[in-house]
Amino acid sequence: MLLRISFSIVLTTMLFFFFVSNSNTASKPQYDLLIRNGLVVDGSGTPGRIADVAVNGDRIVGIGKLKNSSGAREIDATGMVVAPGFIDMLGQSETYLLIDPRAMSKIMMGVTTEVTGEGESIAPVNERLIKEQEDFNRRYKLSIDWRTLGEYFSRLEKQGSGVNLATFVGATQVREYVIGFDNRPPTPAELEQMKQLVAAAMKDGALGVSTALQYVPARFAKTDEIVELAKVARQYGGIYATHQRSEANALDESLAEVLEIARRAQIPVEIWHLKTAYKKNWGRMPEVLARIKRARARGLDITADIYPYIAGSTGLSACLPPWALEGGTEKMLSRLKDTSVRQRLKGEISTDSKEWENIYLGSGGAPGVLIGSVINRDLEAMQGKRLSQIAKDQGKDPLDALFDLILADHGQTEAIYFMMSEEDMRTAMKAPFVSFCTDSEARANDGPLAGSKSHPRGWGSYPRILGRYVREEHLLTLEQAIHKMTGLPAKRVGLRDRGLLQTGSFADITIFDPRTIIDRATFEMPNQHPEGIKFVIVNGQISVDDGKRTPALAGHVLRGPGYQK
């Protein structure tokens, strides 16, 4: 009898554990995240399809009909588009991510990856370069504790970032590091040092070398110097990216230089924020694109990108001719205090020229210049105002108002310049080798960046394209636009396993409502998030959840092809 009771207890126990075990197995989700029933537009340019997307960890592990599967978190994407996370082909957030790692304005418009480093890059830095940025660093309490790109990457990884970040090393940066801000060529020894700095940055993970040749001191660099630095980047598998020397009156000569650098260095080239600026050059975009097409047909690997606005943005001091900027900030400010120098400046700025980019005159003067952001908090009321209005309010000549504002903000003011045509922008947007960028930093309405404004492109570029130019105007198909935001830029700069929704890729995903997506940012009131971005996933972590930012800081540092641990 005792043996029979013991056997019954054992059997009951075994059956209990068998059913509990099977119950747990059946109820345990197969995936960390399961996105159901969305229109999956995978970034390749091919037609979208209704499908489910499964994520485990930081990778996509399945795409298709997964109706019998389950996820620890499930998102019903019925009626929505499921796309790769948008890639900003040129941003400016390298320092801003250290100030506010959330990357609010970028992540809230669906950007999961930013490429940066336009001429001036985050590294290498020395004491001279740190001093040039001391006003900015003081306002935002930013300590510069790195000197190399590798050290910057280490700091960013330790702190965390809302978006993935990849960067070029700037040819301007290494010139400033070695030569400073003087108008002269490097000596052979100095050029060798610049080449070694580029090589070191490539080993640290730079994507390539970049220039911003419109600006001082980059403008002082000759073509031969740039070719030598580009050759170093090519040795490590990198590409050359450029804000070319002229986007306006000397555009023909500037484009010829771009093609010459590509040919002589045998390196792929990306032309950043392609434009035909100033009214006298409007209508020339078809001609520029045709010239790039002919170069591509000859075997040169040339691509470009644009942002979807007719105004650009750069420092207010860019209104000054190159000689007034030579030597750095303190020398520039000293010149502006001299009344005789001011008279000379007024004459040159009021005269059309091919010798330098007269952005003030090219924007139609003071009415075409809008103050974007300032560093001096006492000047914040001027943000969002036209220079013409500021001059009127102050009872000043517009150029005196410009000079005085540069002085008051210690050369740190950013301005918006209305200088392009809508038709030229649309023409470039349709070219198959043109991708998209913001050319803007990540901003926020709260936290340490509160109070500062910027260009609306930093808040609304991608929703603007999808809402205005895809849904409303049918300038591009949905698939074409998303390809230009994802697969095309990822391939261009060599971002492995990103830019496409496919099994094995990193789970960078943006989910939006194609019926409502639109930008809300304006030039006067840029700090407004768009509508229609529902979910943003960065490396498998939900960063925007039903339109609301989560605490996730899931971005990775993305290193280029020459990276050596």
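Along the sequence shown, residues carry numbers from 1.
Using modelled atom types, one side-chain atom of Gln480 and one backbone atom of Thr477 make a donor-acceptor pair closer than 3.5 Å. In this structure a side-chain-to-backbone donor-acceptor pair under 3.5 Å is missing from Asp513 to Gly532. At distances below 3.5 Å, not a single donor-acceptor pair connects side-chain atoms of Asp100 with backbone N or O atoms of Leu449.
One finds a salt bridge joining Arg443 and Glu441 here, because a Lys/Arg side-chain nitrogen approaches an Asp/Glu carboxylate oxygen to under 4.0 Å. Taking the charged nitrogens against the carboxylate oxygens, Lys106 and Asp88 do have a contact shorter than 4.0 Å, which makes a salt bridge.
Taking the six-membered ring for Trp and the full ring otherwise, the centers of Tyr469 and His474 sit at least 6.0 Å from each other. For Phe153 and Tyr563, the distance between ring centers is not under 6.0 angstrom.
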Checklist entry - Stepwise, does the side chain to side chain donor-acceptor pair (under 3.5 Å) test hold for Asp545 with Thr550? => result CA-CA 7 Å; Asp545 192 342; Thr550 74; over 6 Å; no
Next on the checklist: Please determine whether ring pair (Phe, Tyr, Trp, His ring centres under 6.0 Å) holds for the pair Trp272 and Phe168, giving the CA-CA distance in whole Å, both sets of side-chain angles, and the decisive distance to 0.1 Å.
Outcome noted: CA-CA 12 Å; Trp272 273 328; Phe168 285 80; 5.3 Å; yes
Next on the checklist: For Ser435 and Asp305: C-alpha separation, side-chain torsions, deciding distance, then whether side chain to side chain donor-acceptor pair (under 3.5 Å) applies.
Outcome noted: CA-CA 4 Å; Ser435 59; Asp305 53 74; 4.6 Å; no
Next on the checklist: Pair Arg284, Asp252 - check salt bridge (charged side-chain N to carboxylate O under 4.0 Å, His left out), show working.
Outcome noted: CA-CA 10 Å; Arg284 295 195 61 200; Asp252 291 334; 2.5 Å; yes
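Partners of Glu247 according to the side chain to side chain donor-acceptor pair (under 3.5 Å) rule, which considers only residues two or more places apart in sequence or in another chain, are His273, Lys275. Qualifying side chain to side chain donor-acceptor pair (under 3.5 Å) partners for Glu473, counting only residues two or more places apart in sequence or in other chains: Arg426, Arg468.
Because its NZ or CZ atom is both nearer than 6.0 Å to the ring centre of Phe506 and within 45° of the ring axis, Arg59 counts as a cation-pi partner of that residue. Taking the centre and axis of the six-membered ring of Tyr309, the NZ or CZ atom of Arg457 falls outside the cone set by 45° and 6.0 Å. Cation-pi geometry between Arg245 and Tyr215 is not satisfied (NZ or CZ under 6.0 Å from the ring centre, within 45° of the ring normal).
Residue pairs meeting the salt bridge (Lys or Arg N to Asp or Glu O under 4.0 Å) criterion with at least one member in residues 479-494, sequence neighbours excluded, are Glu270-Arg492, Asp301-Arg492.
To the nearest 0.5 angstrom, Met425 atom CE is 8.0 Å from Leu475 atom CG.
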